Amino acid sequence: FAATPAAAASAADQGRSGAAPMAAPVSVAPAGDVGVQASYYCYDFVNHGNRWTGYCRVYSGEIRTITYCSNSAYNSVGAWIGPRTQPWFVYGDCGPSSVVNIGIQTRG
């Protein structure tokens, strides 16, 4: 996982309104909260098979993503990201395996 300002992401990786259909079903669910919840909104998640991309706006607290892969050896936890005026470009990569699920963990 990495988080970069949306403006810094390449045009090919930019999320789109009405994003292309997911290559495989992926659910985004809370992955367990650490303390008080953050206020955030994540959107335009797209599953590219072995990686996923999306955007998150964090209003308060901090969040991080957790990428779950078909081969759990490739599961990953992203860095904590906090409030800012622009959305964060977020993504996860499962190497040679497939994305199975994406979780969001929060802390206040």
Side-chain angles (χ1 to χ4, degrees):
F1 160 84
T4 59
S10 71
D13 285 335
Q14 292 283 333
R16 300 174 287 292
S17 293
M22 306 271 280
V26 172
S27 61
V28 178
D33 297 322
V34 179
V36 178
Q37 287 190 341
S39 174
Y40 67 96
Y41 174 68
C42 294
Y43 58 97
D44 284 348
F45 282 92
V46 179
N47 182 350
H48 304 279
N50 68 331
R51 67 183 180 90
W52 64 269
T53 58
Y55 293 89
C56 290
R57 286 188 179 273
V58 181
Y59 303 106
S60 66
E62 294 180 305
I63 68 166
R64 65 181 175 186
T65 61
I66 302 174
T67 302
Y68 298 96
C69 307
S70 58
N71 178 342
S72 62
Y74 291 94
N75 290 355
S76 61
V77 177
W80 291 104
I81 57 176
R84 53 185 275 144
T85 56
Q86 297 176 323
W88 291 94
F89 173 72
V90 294
Y91 63 92
D93 191 329
C94 287
S97 64
S98 302
V99 174
V100 174
N101 196 8
I102 303 163
I104 305 291
Q105 189 174 38
T106 68
R107 68 181 180 186

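Predicted model only: the values in this text are computed from it and were never measured.
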Original post:
Taking Arg57 for the side chain and Pro83 for the main chain, is one N or O donor matched with an acceptor at less than 3.5 Å?
Top reply: no

Subject >> Reported OG1-to-CD1 distance for the pair Thr65 and Ile81, which is rounded to 0.5 angstrom >> reply: 7.0 Å

**OP:** Determine the minimum heavy-atom distance between Cys69 and Tyr74, stating which atoms define it.
**Re:** SG-O, 3.4 Å

Subject >> Shortest non-hydrogen contact between Tyr55 and Asp44, atoms and distance >> reply: CD1-CB, 4.2 Å

Subject >> Closest non-hydrogen atom pair between Gln105 and Trp80, with its separation >> reply: O-CZ3, 3.6 Å

**OP:** Would you name the heavy atoms of Val90 and Phe45 that are closest together and state the gap between them?
**Re:** CG2-CE2, 4.5 Å

**OP:** Please check if the side chain of Ser70 supplies one atom and the backbone of Ser98 the other of a donor-acceptor pair under 3.5 Å.
**Re:** yes

**OP:** Decide whether Tyr43 and Phe89 are clustered together by the hydrophobic rule: side chain heavy atoms of Ile, Leu, Val, Met, Phe, Trp, Tyr closer than 4.5 Å, transitively.
**Re:** yes

Original post:
Hey, mind stepping through Asp93 and Ser76 against side-chain contact (heavy atoms from CB on, under 4.5 Å) and telling me if it holds?
Top reply: CA-CA 8 Å; Asp93 191 329; Ser76 61; over 6 Å; no

**OP:** Determine the minimum heavy-atom distance between Arg107 and Ala38, stating which atoms define it.
**Re:** O-CB, 3.8 Å

Subject >> Flag, side chain of Asn50 to backbone of Gly95, donor-acceptor distance under 3.5 Å >> reply: yes

Subject >> Any Thr67 side-chain heavy atom under 4.5 Å of Asn75 side chain >> reply: no

**OP:** Hey, could you give me the CD1/OH distance between Ile104 and Tyr40, rounded to the nearest 0.5 Å?
**Re:** 5.5 Å

Original post:
After noting the C-alpha distance and the side-chain angles of Cys42 and Ile63, does the key distance pass the side-chain contact (heavy atoms from CB on, under 4.5 Å) rule?
Top reply: CA-CA 10 Å; Cys42 294; Ile63 68 166; 4.0 Å; yes

